[in-house]
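First the structure, in the form of structure tokens, and then the observations on it.
It should be emphasised that the depicted structure is a prediction, and the values quoted were computed from it without experimental measurement.
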Amino acid sequence: MIQHPAILALTIASLMTGLMLIYAGWYGTWILDKWDLHSGSELQLNLERRTYLISVILSYALLFQIASLFLYIFTADNLHSQFTGAMCAAGSLGVNSFGYPVLILKILNCLLAGVWLIINHVDTRGYDYPLIKAKYGLLNVLVPLVLLEVVFQFVYFFNLKADVITSCCGSLFSTDKHSIAGEIAGLPSGPMQAAFFGIMAATVVCGMVFFLKKRGGYLFAALSALTFLVSSAALVSFICLYFYELPSHHCPFCILQKEYHYIGYALYATLLGGTVSGLGVGVLMPFSTCSSLSGVIPNIQRRLAATTLIMYLLFTLIVVWRMLSTSFTLG
Amino acid sequence: MILLTNVTKTYNTGKHNQFTAVDDVSLTVEAGRLTILKGPSGSGKTTLMALIGCMARPSSGRIQLHNIRTSFFTGADSRAPLDITSLPERFLTEIRRTTFGFIFQQFNLVKGISALENVMLPAYPTGESQGAFRRRALELMELFAVARHAASPVEWLSGGELQRVAIARALINNPAIVIADEPTAHLDSKLSREFMEMVGTLKAGGKTVLIASHDPLVYDSELADTVIGMRDGRITGLSGLS
Amino acid sequence: MSTPLNRHSNILDFALSSLLRRKSKNFSLLVVYTLIVFVIASLIFFVQALKREAAQILKEAPDMVVQRMVAGRHDLIPVAYGEQISAIRGVTAVSPRLWGYYYDQVFGANYTLLVPEKNLLEPGSIMIGPGVARNQRIQAGDMLALKTSRNIPLLLTVQDLYPSSSELISSDLIVLSAEDFQTMFNLPAGQVTDLAVTVANPREQVTVAAKIAELFPDTRPILKSEMLRTYDSLFEWRGGMIVVVLAVAVLSFIIFAWDKATGLSAEERKEIGILKSIGWETSDVLLLKFWEGIVVSLTAFLVGVVLAYGHVFFFSAALFEHALKGWSVIYPQFKLTPVIDVYQLTVLFFLTVLPYTAATIIPAWLSATVPPDAAMRS
């Protein structure tokens with residue numbers, strides 16, 4: 001294990017988030033079990049008070065999660081000098097087999113926590129706690145995932161040993177390797193560009209239709225999720241190349257660096273934000289018939305759809321601006 | 001109008017110290033009238049007022065409010081009576097701060113901040129802009145002749161002034177119903193009479209007023225439309241109009 | 001207009017006035033909080049600055065150094081090795097280096113003696129680091145007497161001093177000519193301390209190093225990148241150890257914060273009861289507590305960071321330099337180059353604000369869930 005303040009910070013943060021979520025999950029199952037809105041009993045009042053605590057915990061947990069996602073990448077980048085051959089975060093994450101799973105878990109947990117907060121927000125607007133079951137059901141999914149992340153992250157850091165020969169981003173994302181990352185990087189940039197702009201356009205059109213006519217919510221949510229996946233692949237496959245102006249540097253982390261004006265943060269923030277609100281639209285679909293929410297959900301869904309549209313358009317705008325403004329061309 | 005049907009409130013259910021503060025009460029509080037709950041301390045007046053004022057939920061029975069507009073009941077049923085019996089705290093609070101103004105026995109003013117801030121306090125979480133409710137608070141303080149104490153900390157004010165500040169605070173969100181719990185308990189006769197005059201002003205202004213008291217100055221007042229007697233959590237008598 | 005933004009600004013307003021009203025209680029919390037931020041920030045800044053200095057030193061260092069090992073110890077290397085090494089493909093230059101240590105019995109100090117690659121100095125004249133100058137109480141133009149290996153004094157004229165800005169590197173340095181070095185230590189002919197190897201393409205360094213090790217099994221090639229990594233992990237390790245110790249401090253701070261947050265005075269409890277009775281909701285009180293926490297945290301964080309910045313970069317981390325730098329008679333007195341970045345601030349934020357926030361969530365909730373009718377029934 002490498003002694004590094006950032007590793008300690010991440011470990012402390014993940015332990016705290018883990019403990020907070022265990023606490024929240026414990027009371028969540030209790031609420032699922034004992035909930036009876038029509039009772040004025042002290043138990044019920046107690047449970048209702050607990051729901052406030054759980055929302056607060058989850059809000060903080062989401063903040064911690066987002067912060068730790070970026071700190072994690074930043075730390076991996078900072079540590080690369082400790083490993084022979086690693087030239088940026090991509091190399092450090094590849095030092096052992098837990099680096100990338102932790103990253104994926106962190107992203108997944110951020111998305112889930114975001115969706116949870118959307119459900120929670122809607123639930124508090126209905127006078128009969130209409131989403132209580134869905135909410136605490138989702139919490140029961142989120143808690144084990146976060147705990148898994150805590151364990152994986154610990155194992156990853158614990159097994160970090162300096163001087164291990166590792167791949168650097170140049171070789172990990174180089175096109176002649178047969179790994180998943182290599183496959184993504186190797187995706188031909190022409191069709192990938194077509195796919196990226198195609199799916200973006202489809203999502204935006206579908207979002208407009210939903211915004212104006214309130215139809216196709218599920219389709220829109222599915223497209224948003226697909227956009228997330230395709231855009232991530234596109235980032236590795238061709239978008240990065242325009243920022244680095246190098247034909248073979250596919251690393252998705254270096255764009256978070258100062259050398260590239262931290263543009264990566266804008267890209268990832270818009271992508272994550274757009275996806276969370278897009279998923280939110282879909283998650284709320286089954287509840288829009290609920291009487292206590294009939295006046296609330298359509299408005300929130302419209303706002304979420306608008307957020308997704310703005311976020312995704314911003315993302316596309318940054319990409320297009322870069323593709324047009326740089327003198328670098330692919331192929 | 002407030003309608004109570006077989007309302008019961010039990011504390012510490014299932015424990016050895018279980019006790020029933022309000023026992024099977026049914027009554028109607030008319031809009032625009034002064035209703036007085038009369039009874040000795042411990043008769044359940046305060047608990048009943050807490051239930052009506054959306055501070056607590058009854059253990060059983062129903063409480064309905066008529067002609068109340070809220071942000072969360074939308075559409076066709078806005079004219080129907082609002083059943084507040086099993087609403088979550090979040091909604092009870094919203095109804096409470098838009099519909100009810102409270103005057104407490106101990107005044108319950110926050111020490112260390114100015115009288116003006118105390119008056120404005122109920123409006124902070126409503127999301128109104130501070131300028132708007134500051135102006136309203138000053139107008140109210142003007143109305144109750146405490147405007148010159150606006151900037152003073154409440155510790156410096158006399159009993160009568162505290163009472164007026166408390167009334168101004170109860171009115172800051174322009175509620176339809178004002179609830180006062182033993183408002184004259186800490187006032188001498190002169191100040192108590194003054195208080196009843198102010199109640200008269202409120203009533204004249206179209207407010208529904210509900211007072212719990214065992215002070216004859218209050219329940220024998222000519223202003224009272226209905227006097228409801230209470231003992232041991234039950235209604236013992238009803239007098240007056242309605 | 002009712003807006004969520006107004007709600008936030010109103011409640012923030014009240015949070016500020018609440019904090020100011022309870023000055024004494026919040027002041028002690030703020031002092032401890034600031035102290036924790038200050039200590040951890042000083043440490044992080046200091047380690048980072050040292051790493052930068054080390055990187056600065058190594059920037060000048062050759063890509064690769066080849067040392068000869070005898071019985072597992074560093075020994076002199078024949079210059080003839082260098083000729084064969086320069087024949088390896090990819091090697092652009094090989095230059096022999098002369099350096100060593102000298103212990104001065106009179107002043108009880110260790111100096112580093114070094115011969116520059118280019119002949120900068122005439123025999124008989126030297127350049128010294130500021131530490132040597134302080135230790136020997138000499139200036140440029142003065143004479144310095146060193147004892148050779150044959151116990152004969154060698155008088156050398158100080159031609160110049162190194163500036164104090166490079167003190168971490170040059171403090172104990174005496175730079176002299178190759179002739180004087182030979183007089184001092186009397187090395188066997190054709191032997192030098194080690195060889196500096198330049199490789200044009202960084203990617204070929206590892207291959208070249210492997211070839212050298214194969215060609216001369218008694219040598220040890222050391223890459224600059226390895227040196228850098230070793231320095232880094234050394235500093236991080238030392239810093240990390242202290243952070244672990246500090247984690248205990250953070251832990252006790254959490255307990256302190258928890259205690260402060262749960263130990264609500266009767267006055268505060270009453271106040272929250274009043275707020276709830278007049279129409280504040282649980283989430284409004286939670287928001288109030290949230291803003292209070294933000295104000296306290298940001299104040300402590302900013303003050304702590306500014307103090308730590310001054311401590312590290314203007315007072316050279318006077319509080320714990322002994323723990324992090326080696327002990328030596330010639331102790332460098334230097335000013336670190338001020339540099340902090342977002343990354344360090346984020347780490348610091350994680351180590352201080354996050355634990356505080358987490359520690360106050362449950363107490364805040366406990367205080368916020370006073371039943372609204374409590375104020376009526378008291």
Side-chain angles (χ1 to χ4, degrees), chain A residues 1-17 19-20 23-24 42 45-46 48-61 63-64 67-68 70-71 73-75 77-87 124 161-163 165 168 170 256-258 262 265, chain C residues 40 43-44 47-48 51 55 203 206 223 225-226 228-244 246-247 250-251 254 281-283 285-287 289-290 293 341-344 346-355 357-362 364-366 368-371:
Chain A
M1 185 163 182
I2 291 176
Q3 303 278 356
H4 190 287
I7 291 182
L8 189 75
L10 279 167
T11 311
I12 288 180
S14 80
L15 276 178
M16 282 187 321
T17 318
L19 284 177
M20 275 157 55
Y23 186 92
E42 267 141 61
L45 293 177
N46 207 336
E48 284 178 32
R49 274 179 216 137
R50 292 265 167 212
T51 61
Y52 284 95
L53 179 59
I54 295 176
S55 336
V56 174
I57 287 180
L58 263 291
S59 317
Y60 281 115
L63 284 181
F64 290 8
S68 90
F70 287 108
L71 184 63
I73 296 175
F74 232 121
T75 302
D77 186 72
N78 196 272
L79 286 176
H80 77 259
S81 65
Q82 311 267 318
F83 310 109
T84 316
M87 283 181 181
T124 58
K161 292 193 178 62
D163 301 338
I165 303 279
C168 73
L256 293 167
Q257 296 301 315
K258 199 176 171 185
Y262 302 112
Y265 287 97
Chain C
I40 298 181
L43 187 78
I44 291 178
V47 169
Q48 187 65 21
K51 273 170 71 178
R203 284 170 195 270
V206 179
L223 292 174
S225 59
E226 278 180 323
L228 205 57
R229 194 179 317 139
T230 313
Y231 268 106
D232 265 13
S233 54
L234 182 73
F235 285 130
E236 293 294 3
W237 185 78
R238 284 187 180 190
M241 285 312 284
I242 294 182
V243 167
V244 169
L246 285 180
V250 171
L251 196 70
I254 293 173
E281 207 242 326
T282 303
S283 46
V285 181
L286 284 171
L287 190 63
K289 292 281 159 193
F290 165 78
D341 59 32
V342 186
Y343 177 62
Q344 295 166 51
T346 315
V347 170
L348 183 62
F349 196 81
F350 264 69
L351 285 172
T352 53
V353 177
L354 249 59
T357 312
T360 49
I361 291 177
I362 292 176
W365 170 76
L366 279 175
T369 46
V370 179

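Chosen from C:Thr369, C:Leu354, C:Val347, the residue pairing most often with chain A at heavy-atom distances under 4.5 Å is C:Leu354.
In this structure, chain C has heavy atoms under 4.5 Å from both the backbone and the side chain of A:Ala67. Heavy-atom distances place the side chain of A:Tyr60, and not its backbone, under 4.5 Å from chain C. Heavy-atom distances place no part of A:Phe70 under 4.5 Å from chain C, backbone and side chain included. Heavy atoms of A:Leu53 lying under 4.5 Å from chain C belong to its backbone as well as its side chain. Contact annotation for C:Thr352: neither backbone nor side-chain heavy atoms come within less than 4.5 Å of a heavy atom of chain A. Contact of A:Thr124 with chain C is not made at all, since no heavy-atom distance falls under 4.5 Å. C:Phe290 touches chain A through backbone and side chain together, each having a heavy atom under 4.5 Å away.
For the pair A:Asp77 and A:Leu256, the minimum side-chain heavy-atom distance is 4.5 Å or more. Residues A:Phe74 and A:Asn78 have side chains not in contact (no heavy-atom distance under 4.5 Å, counting atoms from C-beta outward).
Of the possible donor and acceptor atoms, none in the side chain of C:Trp365 sits under 3.5 Å from a partner among the backbone N and O of A:Ile54.
Shown here are the side chain to side chain contact (heavy atoms under 4.5 Å, CB included) partners of A:Thr51, two or more places apart in sequence or in another chain: A:Ile31, A:Trp35, A:Tyr129, A:Ile132, A:Tyr136. With sequence neighbours excluded, the residues forming a side chain to side chain donor-acceptor pair (under 3.5 Å) with C:Tyr343 are A:Thr75, listed by chain and number.
Summarising the local packing, CZ of A:Phe64 is surrounded by more than 12 heavy atoms from other residues, nucleotides or ligands at distances under 6.0 Å.
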